[in-house]
Amino acid sequence: MTALEILGSPYDLAVRAERVDTLNWLDMHEAAPTPVRHALGLAARRHGELAMVRSGIPFSHFNMVLTLGCPASVDEAAFQAIEPFYAGNGCGRHWVLVNEHSRPADLGQQLLARGYRSDGAWDRVILRGARPALWRAHGRDCEAVDATNAEQWIGFLRQCYGVPPPVGEWLRALVGRRGWHHMLRREGGRAGAPVVMARSAFVDEAGWAWLGVDAPVPGVMAPCFADDQQVTAALLQATAAAGAHSFVSDIEAPSPERQGPGYTAWGELGFEARYLRRLFVKG
């Protein structure tokens, strides 16, 4: 299978893109030191193809059923695995991701019938094939995160999200971890200036990269599209140099027309919006 293999269908592409997203979350949980795991109530579980993560952090990303319907089977066994798993986080609150290619096609309706409610959507963007010449035109004046600036990166993320100290310890465990790359940008791209944007990537063994841990989230937390594009372009160059050939992320402020600064910024880096990911919440 070559780096630029043509996947057989939109469903196949969705399965592959969701796989690297899932591997990112599972690896992140594996990286958490034991005291952090206990302090934050972290847990991750696989039940066949079904993958789930939970925590005491009240954000959807940290309490997510990741693969139901794409590719995990939707049956009573799946729900019998989901419900007790999230009962373990104290309130049972969790989210399920459903995309345009999830099977069966009425999965969203099934979730509504089970007491879930719709809770927004993210637009999945994908790029197949590295574009280093294109990225060099955008990725200027950014810094890779390493031991010399890790504390500034951690402090910036904690401030953006208002999360407790154990999250900082969790982030610290990702610096230098195999498969992980982190990039930041300072105000005006000036050395020594305050950090204004950060983003990370996880690259799996097959060369697929997931891009996230973005702060602030463009279009949701701040109109930081230009800074995010710079950081993303630099991060893409770093991951491609490490062997990545396919890249996956989300626009968390989607537009029905797929227009706006977020779509423009990703498009200028070679990405296309490929499918909508809808969130359903319960608890």
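This structure is a prediction, so every number in the text was calculated from the model and none was measured.
- In terms of heavy-atom proximity, Ala244 sits nearest to Ala130 at O-CB, 4.5 Å.
- Between Glu76 and Arg114 there is a salt bridge, with a side-chain nitrogen of the basic residue lying less than 4.0 Å from a carboxylate oxygen of the acidic one.
- Residue Gln152 forms a side chain to side chain contact (heavy atoms under 4.5 Å, CB included) with just one option from Ile154, Thr148, Asn149, and that option is Asn149.
- Side-chain contact between Arg177 and Glu30 is present, with heavy atoms from C-beta onward closer than 4.5 Å.
- Here Asp21 pairs with Trp25, Arg124, Trp210, Arg277 under the side-chain hydrogen bond (donor to acceptor under 3.5 Å, both in side chains) rule; sequence neighbours left out.
- Residues Val281 and Ser60 have side chains not in contact (no heavy-atom distance under 4.5 Å, counting atoms from C-beta outward).
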Step by step, work out the side-chain contact (heavy atoms from CB on, under 4.5 Å) result for Leu68 and Leu50. CA-CA 6 Å; Leu68 186 67; Leu50 184 67; 4.1 Å; yes

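- Note that the CZ atom of Arg19 and the OG1 atom of Thr22 stand 9.0 Å from one another [nearest 0.5 Å].
- To the nearest 0.5 Å, the span separating CG on Leu235 from OG on Ser249 amounts to 9.5 Å.
- Judged as a salt bridge (Lys or Arg N to Asp or Glu O under 4.0 Å), and not counting sequence neighbours, Glu252 has no contacts.
- Contact of the Trp153 side chain with the Ser200 side chain is registered, since non-hydrogen atoms from C-beta on lie closer than 4.5 Å.
- Put simply, the side chain of Leu23 does not reach to within 4.5 Å of the side chain of Asp27, judged on heavy atoms.
- Considering CG of Leu127 and CZ of Arg274, their distance stands at 10.5 Å, rounded to 0.5 Å.
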Please report the C-alpha distance between Val213 and Phe202 in whole Å, then the side-chain angles of each, then the deciding distance to 0.1 Å, and finally whether the side-chain contact (heavy atoms from CB on, under 4.5 Å) criterion is met. CA-CA 10 Å; Val213 198; Phe202 171 77; over 6 Å; no

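- The shortest side-chain heavy-atom distance between Met221 and Cys160 falls under the 4.5 Å cut-off.
- Between atom CG of residue Asn99 and atom OH of residue Tyr11 there is a gap of 9.0 Å, rounded to the nearest 0.5 Å.
- By the side chain to side chain contact (heavy atoms under 4.5 Å, CB included) test, Tyr263 is found to be paired with Asp123, Ile251, Pro254, Ser255, Arg258, Ala273, residues two or more places apart in sequence or in another chain being considered.
- Criterion: ILVMFWY side-chain heavy atoms under 4.5 Å apart, direct or through other members. Under it, Ile57 and Val65 are not part of a common hydrophobic cluster.
- No continuous path of hydrophobic side-chain contacts links Phe271 to Leu276 [ILVMFWY only; heavy atoms under 4.5 Å].
- Nearest heavy-atom pair across Leu157 and Ala215 is CD2-CB, 3.3 Å.
- Residues meeting the side-chain hydrogen bond (donor to acceptor under 3.5 Å, both in side chains) test with His181, sequence neighbours left out: none.
- Atoms CG and NE2, on Asn63 and His61 in that order, are 11.0 Å from each other to the nearest 0.5 Å.
- Nearest heavy-atom pair, Ala14 versus His101, reported as atom, atom and distance to 0.1 Å: CB-CD2, 4.0 Å.
- Annotation: ring-ring contact (aromatic ring centres under 6.0 Å, His included) contacts involving residues 67-93, sequence neighbours excluded, comprise Tyr86-His94.
- Under the 3.5 Å distance criterion, the side-chain polar atoms of Asp228 are left unmatched by any main-chain donor or acceptor of Phe225.
- Linking Ile, Leu, Val, Met, Phe, Trp and Tyr residues whenever their side-chain heavy atoms come within less than 4.5 Å leaves Ile126 and Val15 in two separate clusters.
- Arg54 places no side-chain N or O within 3.5 Å of a backbone atom of Arg93 that could act as its donor or acceptor partner.
- Contact check for Arg131 versus Phe247: no side-chain heavy atoms found under the 4.5 Å cut-off.
- Residues Met197 and Cys224 share a closest heavy-atom pair of SD-SG, 3.8 Å.
- Linking Ile, Leu, Val, Met, Phe, Trp and Tyr whenever their side-chain heavy atoms come within less than 4.5 Å leaves Trp122 and Val98 in two separate clusters.
- The aromatic rings of Phe62 and Phe59 sit tilted, their planes meeting at an angle between 30° and 60°.
- Under 4.0 Å is where a charged nitrogen must lie from a carboxylate oxygen, and between Arg278 and Glu100 no such pair does.
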As a quick check of understanding, evaluate side-chain contact (heavy atoms from CB on, under 4.5 Å) for Met28 and Trp180, giving each step before the final call. CA-CA 10 Å; Met28 192 184 297; Trp180 284 91; 3.5 Å; yes

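- Considering all non-hydrogen atoms of both residues, Leu279 and Ala121 come closest at CD1-CA, 3.8 Å.
- Both Leu211 and Met183 are assigned to one and the same hydrophobic cluster, defined by single-linkage of ILVMFWY side chains at heavy-atom distances under 4.5 Å.
- Ser55 has its side chain out of reach of Trp170: every pair of non-hydrogen atoms, C-beta onward, lies at least 4.5 Å apart.
- Annotation: Glu268, atom CD; neighbour count of heavy atoms from other residues, nucleotides and ligands within 6.0 Å is above 12.
- Using a 4.5 Å heavy-atom threshold, the side chains of Pro164 and Leu40 count as touching.
- Rounding to the nearest 0.5 Å gives a distance of 7.0 Å between CZ of Arg128 and NE2 of His245.
- Taking every heavy atom of both residues into account, Leu269 and Trp135 meet most closely at O-NE1, 3.0 Å.
- Not a single salt bridge (Lys or Arg N to Asp or Glu O under 4.0 Å) links Glu205 to another residue, sequence neighbours left out.
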